[in-house]
Amino acid sequence: MPELPDVEGYRRTLAEHGTGHRIQQVEVLDPGVLRDTDPAELASTLAGQQLRRPDRHGKWLLAHTDGPTVLLHFGMTGELRWMRSDEPRHRHDRVVFRLDDGAAELRYRDMRKLQGLRLAHGPGEVEQELAELGPDALGIERDEFLTMLQQRRGAIKPALVDQSRIAGLGNLLADEILWRARVHPTTPARQLTDAQRRRLYDQLRRVLARAVPAGRVPPLPSWLTGVRDQQHPHCPRCGAELSRTTVGGRSTVWCPHCQASD
DNA sequence: GCTTATGTTTACTG
DNA sequence: ACAGTAAACATAAG
């Protein structure tokens, strides 16, 4: 699930229910998701802190408080849910934040524990943790994006998901953007025409503009994302059978007709 | 048993 | 320094 639009959705959940409220208790159900911290430290540093407006950079959610900031990453299967406290716990609920609203609580749920939670004790530490990330995909400017593509040597798809160049795009978004821009995923970034580069930027913006309010890459039948997991998926635009291969180690779906190969 | 899954890091190779 | 690949992490589903 979690690419930029999903994490932005979790940020909205946290902003809506958390901002201005105090953390009463942090219950760690599985310490396996804590990175560089432990249940005792997390609980003692966060208890009593007031949540401020949360932030997001790429796929990282920044839960600011008056004191430390919790950095949450959702890996491939994580989510943040606001649920009534009397709802039964899910087996993959790993950390529960109880606020001063006792009727409901925030739950960090994650099946696989590929990523997890980090604790940053000040703005400096937050910056340190995010130092390797490129500009956020939602705010990247055209020139920044075009320059990034020109500096990149390899194929275009791995460039789009390289978090150190542009933060927030994952496997689904990258395929969706390439399909809409009619660019083959293995085209060397440096061989892209100006028109292709501009289309990639425009479609990046369009896809995000639709996906962010939805809180996910919407699996609509008119989107590549909506058909890619079917048995023999067809291009929503031209009807050709879609191709699937591995690019940059990731499962990649594209239309051999619309996205002519290099 | 095998493969695959929306992510990232590390080790190794070119 | 830069890219590419494979493996690892942990868990479930088909």
Side-chain angles (χ1 to χ4, degrees), chain A residues 1-10 29-36 56-61 71-80 90-95 108-118 128-134 136-138 147-179 185-192 204 207-208 210-212 214-220 223-233 242-254 262:
Chain A
M1 290 170 216
E3 301 181 49
L4 186 155
D6 308 81
V7 181
E8 182 60 20
Y10 306 146
L29 306 173
D30 185 345
V33 298
L34 302 188
R35 315 284 154 161
D36 303 330
R56 182 193 54 74
H57 190 97
K59 302 171 191 173
W60 283 95
L61 175 59
L71 294 89
L72 302 95
H73 197 293
F74 299 89
M76 291 173 78
T77 54
E79 54 187 320
L80 186 69
H90 189 277
R91 58 190 299 217
H92 299 135
D93 286 340
R94 312 291 186 187
V95 181
Y108 175 85
R109 182 179 296 183
D110 190 19
M111 181 182 74
R112 301 163 76 178
K113 295 174 280 187
L114 295 173
Q115 298 294 324
L117 279 58
R118 292 172 181 276
Q128 252 179 19
E129 296 283 357
L130 306 181
E132 303 299 311
L133 295 179
D136 187 79
L138 201 50
T147 303
M148 183 275 281
L149 292 185
Q150 280 173 325
Q151 289 170 344
R152 184 79 186 195
R153 239 175 288 183
I156 177 61
K157 173 161 177 182
L160 292 178
V161 297
D162 182 345
Q163 302 298 299
S164 71
R165 301 294 161 175
I166 173 171
L169 304 184
N171 201 42
L172 295 186
L173 279 171
D175 282 359
E176 188 72 44
I177 292 164
L178 287 164
W179 173 71
T186 61
T187 310
R190 284 180 171 177
Q191 285 178 23
L192 293 168
L204 160 73
V207 168
L208 287 180
R210 287 289 306 276
V212 164
R216 64 196 296 202
V217 189
L220 300 166
W223 287 45
L224 183 72
T225 305
V227 302
R228 63 178 293 153
D229 291 330
Q230 294 171 0
Q231 287 277 335
H232 293 286
L242 296 171
S243 302
R244 179 186 288 271
T245 49
T246 298
V247 178
R250 306 308 308 275
S251 165
T252 300
V253 177
W254 83 97
D262 20 345

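Just so it is clear, the values below take in all heavy atoms, side chains as well, and ignore hydrogens, waters and symmetry mates. So you know, we letter chains A, B, ... as the sequences are listed, proteins then strands, and number each from 1.
- In this entry the distance linking CZ of Arg94(A) with P of dT11(C) reads 6 Å, nearest Å.
- Using P as the reference atom, dA6(C) and dT3(B) are 14 Å apart when rounded to the nearest Å.
- How far CG of Leu71(A) is from CZ of Arg35(A): 13.0 Å, rounded to the nearest 0.5 Å.
- With Asp30(A) as the partner, the salt bridge (Lys or Arg N to Asp or Glu O under 4.0 Å) test is satisfied by one option alone out of Arg109(A), Arg112(A), Arg94(A), Arg91(A): Arg94(A).
- Summarising the geometry, atom CG belonging to Leu72(A) is positioned 4.0 Å from atom CG belonging to Leu117(A); distances are rounded to the nearest 0.5 Å.
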What does nucleotides 7-14 of chain B look like as a protein-contact string, B for base, S for sugar-phosphate only, - for none, at under 4.0 angstrom between heavy atoms? BS------

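- With sequence neighbours left out, the side chain to side chain donor-acceptor pair (under 3.5 Å) criterion links Arg250(A) to no other residue.
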Scan nucleotides 2-4 of chain C against the protein and return all N/O pairs shorter than 3.5 Å with their distances rounded to 0.1 Å.
{"residue": "dA3(C)", "atom": "OP1", "partner": "Gln151(A)", "partner atom": "O", "Å": "3.3"}
{"residue": "dA3(C)", "atom": "OP1", "partner": "Arg153(A)", "partner atom": "N", "Å": "3.1"}
{"residue": "dG4(C)", "atom": "OP1", "partner": "Ala155(A)", "partner atom": "N", "Å": "3.3"}

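- Of the possible polar contacts, one joining the Glu3(A) side chain to the Leu172(A) backbone as a donor-acceptor pair under 3.5 Å is found.
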Watson-Crick and G-U pairing of DNA chain B written in dot-bracket, each distance under 3.5 angstrom, with | for inter-strand partners: .||||.||||||||

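- For the pair Asp110(A) CG and dT6(B) P, the computed distance is 15 Å after rounding to whole Å.
- Checked by atom type and distance alone, the side chain of Glu8(A) never pairs as donor or acceptor with a backbone atom of Gly215(A) at under 3.5 Å.
- In this structure, the side chain to side chain contact (heavy atoms under 4.5 Å, CB included) partners of Asp162(A), at least two apart in sequence or on a different chain, are Arg152(A), Ser164(A), Arg165(A).
- In this pair, Trp60(A) and His73(A) present their aromatic rings perpendicular. The plane angle is above 60°, beyond the 30 to 60° band.
- For Gln231(A) and dT4(B), the CD to P distance is 14 Å, given to the nearest whole Å.
- Residue-level contact check: Thr225(A) touches neither bases nor backbone, having no heavy atom under 4.0 Å from any strand.
- Just one of Gln151(A), Gln150(A), Arg153(A) meets the side chain to side chain contact (heavy atoms under 4.5 Å, CB included) condition when paired with Arg190(A); it is Arg153(A).
- No contact: Arg35(A) has no heavy atom under 4.0 Å from any strand.
- When the side-chain nitrogen and oxygen atoms of Thr77(A) are compared with OP1 and OP2 of dA10(C), none of them lie within a distance under 4.0 Å.
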Anything under 3.5 Å between a protein N or O and an N or O of nucleotides 12-14 of chain C, put it in a table, one pair a line.
{"residue": "dA12(C)", "atom": "OP1", "partner": "Arg91(A)", "partner atom": "NH1", "Å": "3.0"}
{"residue": "dA12(C)", "atom": "OP1", "partner": "Arg91(A)", "partner atom": "NH2", "Å": "2.8"}
{"residue": "dA12(C)", "atom": "OP1", "partner": "His92(A)", "partner atom": "NE2", "Å": "3.0"}

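- A 4.5 Å side-chain heavy-atom check between Leu160(A) and Ile166(A) finds every atom pair outside the cut-off.
- A 4.5 Å side-chain heavy-atom check between Leu173(A) and Leu208(A) finds at least one atom pair inside the cut-off.
- Within 6.0 Å of atom CD in Glu132(A), 12 or fewer heavy atoms from other residues, nucleotides or ligands are found, so the atom counts as exposed in its surroundings.
- If you measure from atom CG of Asp229(A) to atom P of dA5(B), you get 8 Å, rounded to the nearest angstrom.
- What separates CG of Leu160(A) from P of dT6(B) is a distance of 16 Å, to the nearest Å.
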Step by step, work out the salt bridge (charged side-chain N to carboxylate O under 4.0 Å, His left out) result for Lys59(A) and Asp6(A). CA-CA 8 Å; Lys59(A) 302 171 191 173; Asp6(A) 308 81; over 6 Å; no

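- In this structure, CG on Leu178(A) lies 9.5 Å from CG on Leu224(A), to the nearest 0.5 angstrom.
- Note: CD (Glu132(A)) to P (dA1(C)) measures 13 Å, nearest angstrom.
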